[in-house]
Amino acid sequence: MKDRIAELLQKAVETLTTEGVIPAEAAPTVEVEPARDRNHGDFASNIALKAAKPAGMKPRDLAERIVAALPGDDAIRKVEIAGPGFINLFVSHASQFDILRTIREQGREYGRQDLGQGKSVQVEFVSANPTGPLHVGHGRGAAYGASVSDLLEAVGYSVHREYYVNDAGRQMSILALSVWLRYLEQGGESFTFPANGYRGDYVLPIARQLREDAGDSLQHPAATVFSGIPADEPEGGDKEAHIDGLVQRARELIGEEAFARVFDLALNAILTDIKEDLAGFGIHFDEWFSERSLRPDIEDALQRLERNGHLYQENGATWFRATTFGDDKDRVVRRDNGETTYFASDIAYHLNKFERGFDKVINVWGADHHGYMARVRGAIEALGVDPGRLDIQLVQFAILYRGSERLSMSTRSGSFVTLRELRDEVGKDAARFFYVTRKAEQHMDFDLELAKSESKDNPVYYIQYAHARVCSVLEKMRAQGLDSSVSLEPAILEHLELEEEKDIAAMMARYPEILGKAAEALEPHQLTHYLRDLAGQFHSYYNAHKVLVDDDPLRQARVALSLAVQQVLANGLELLGVNAPESM
RNA sequence: GCGCUCGUAGCUCAGUUGGAUAGAGCAACGGCCUUCUAAGCCGUAGGUCGCAGGUUCAAGUCCUGCCGGGCGCGCCA
């Protein structure tokens with residue numbers, strides 16, 4: 001309907017340009033918006049205000065010329081000029097409720113469209129280090145990435161969901177060490193656990209598994225393990241040197257091969273756990289991309305940068321000239337000891353992404369990574385890739401409270417609330433929804449006490465309840481022996497005479513547009529707010545007017561409207577990974 | 001210090017290519033269940049859109065400066 005009106009106005013503007021009223025080269029594009037205020041009709045356009053200056057006319061005078069030039073259309077009931085020069089259009093009753101037919105015909109497909117035209121998009125999200133279970137801080141990125149992916153798919157993109165597994169590097173070695181140390185403890189050894197080790201309880205079952213697999217073959221006396229290791233931080237030493245020394249010692253004592261087995265055991269145990277957590281949230285990935293698998297590609301990527309002239313040597317290290325691309329400083333890609341940095345892996349990873357041919361790559365990162373954006377953008381540009389193909393979305397971590405107490409979420413200390421705990425207590429639906437009700441880059445307070453004790457106040461229940469209410473009406477209707485197949489004939493729909501009914505229909509007509517905007521802007525919160533508004537309108541309507549009235553045509557009309565609401569709510573909730581229950 | 005980001009009701013937040021009288025939830029107060037689910041509805045109250053300039057028919061929205069909060073600034077990952 002909106003497009004149809006925009007076309008009419010466009011024609012009117014064209015007529016005026018050929019008449020020379022509006023200069024052709026300065027004719028602004030026509031914008032039409034659903035009117036905010038009922039008194040302003042159904043749709044409004046500001047075209048006269050925009051074109052007034054180039055035309056050298058007063059906005060209201062121009063508006064009158066435009067209205068006069070408007071082609072006739074039986075969908076338009078009335079046209080008014082208001083305020084400084086807005087053109088307000090009133091739509092005919094039949095056109096207003098056409099949307100009910102569309103929704104019924106398209107059903108679950110209603111709202112889906114082809115903005116993306118099959119272009120491929122990769123969405124990389126979560127990508128938390130597999131050194132421990134996911135905690136509530138990761139949940140937001142997970143829910144956001146999943147909803148963004150689903151939205152993009154709904155508007156016609158081909159979406160590839162990916163998790164980058166940091167299965168190489170020092171942190172994983174420290175995890176393997178932590179598992180082995182717990183194994184030693186379980187074998188009867190006693191010592192002070194390193195300050196920088198992973199102390200969480202989740203390490204214990206992995207250590208027990210290690211004992212089942214390896215028996216006592218990896219057991220060594222604590223005295224041997226710790227002899228000659230630099231002092232730990234609590235003893236006035238350096239915790240980094242201490243832990244590195246221990247990792248080195250472990251490799252020597254049990255051998256590289258056994259250390260690699262411990263490493264893989266820990267990695268797999270935690271990755272399995274992470275996958276289960278995400279699956280419980282209704283989140284699935286197309287690919288779990290291993291950082292280790294990238295090793296051979298790192299040299300290639302660096303050579304490519306070298307060829308493009310973006311690397312140089314200094315102080316024995318190899319640097320990427322990131323400042324060329326607007327970064328604050330140049331960045332090391334190869335240390336003076338010959339090892340490549342994490343950044344070098346990331347360069348190779350991004351090159352790999354683009355070589356896989358994705359039209360667009362979206363990285364969902366924690367907001368603490370924002371200092372990292374410039375160098376990654378710079379690197380892909382230096383590799384000769386159009387940086388416009390990379391979109392980095394920062395997600396602020398939720399600040400977690402228990403009542404007024406702010407909780408720390410350090411994986412290492414083990415004092416965090418896991419995503420699984422959250423799901424057990426708040427439920428999947430509420431958690432998924434809550435995480436995406438706020439703009440991603442907006443800071444978010446997450447009070448566990450509130451989420452747990454007052455979960456009924458969560459807006460997700462409000463929307464689900466609206467859906468369930470429609471189901472309940474249908475149930476009641478069947479119980480009364482009434483035919484639930486309602487007609488959408490004009491003779492029926494003309495009984496929808498209330499302003500509320502018109503508003504609800506107009507709102508549902510906007511759903512595809514909302515979906516498109518939310519997807520293109522990568523902002524699922526637009527959808528959550530829309531659904532809440534629609535549910536609210538329906539709740540008001542439901543309270544004020546009975547659906548199952550005796551009058552047969554009126555009842556059919558109201559049931560038809562309710563069914564459409566049910567459909568739109570269900571479609572929207574599905575994209576957010578939230579159930580649409582039939583009863584509550 | 002430099003960079004990014006945010007600042008809207010008591011609290012948590014919407015307000016998206018600049019549009020008409022700035023909105024919701026929670027909290028507060030007052031109503032509505034013999035009628036389709038009260039996880040709901042109706043009403044009241046609550047605002048210098050951080051501050052000051054600027055751009056224009058029009059600024060919460062764009063620009064500049066300042067103030068305040070958060071984050072980042074490793075040959076860590």
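Here is how names work: the chains are called A, B, and so on, in the same order as the sequence lines, proteins then strands, and each is numbered from 1.
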>> A side-chain contact here means heavy atoms from C-beta on lying under 4.5 Å apart; do Lys239(A) and Pro194(A) qualify?
In response: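 No; the side chains remain at least 4.5 Å from each other.
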What contact category does [X] fall into here, base, sugar-phosphate, or nothing, at under 4.0 angstrom with non-hydrogen atoms?
X	result
Lys517(A)	nothing
Ser345(A)	nothing
Lys58(A)	nothing
Asn337(A)	nothing
Ser540(A)	sugar-phosphate

> Of Arg170(A) and Val473(A), whose nearest nucleotide on RNA chain B comes first from the 5' end?
Replying inline: Val473(A)
> Is there a Watson-Crick or G-U wobble partner for rU44(B) with both distances under 3.5 Å, and if so, which one is it?
Replying inline: rA28(B)
>> Among rC71(B), rG19(B), rC13(B), which nucleotide has an atom closest to any side-chain atom of His529(A)?
In response: rC13(B)
> Taking NZ, NE, NH1 and NH2 as the nitrogens, is one of them in Arg334(A) or Glu299(A) under 4.0 Å from a carboxylate oxygen of the other?
Replying inline: yes
>> Between the side chains of Glu523(A) and Lys517(A), is the shortest nitrogen-to-carboxylate-oxygen separation below 4.0 Å, so that they form an ion pair?
In response: no
>> Anti or syn, where syn is a glycosidic angle within 90° of 0; which label fits rC33(B)?
In response: syn
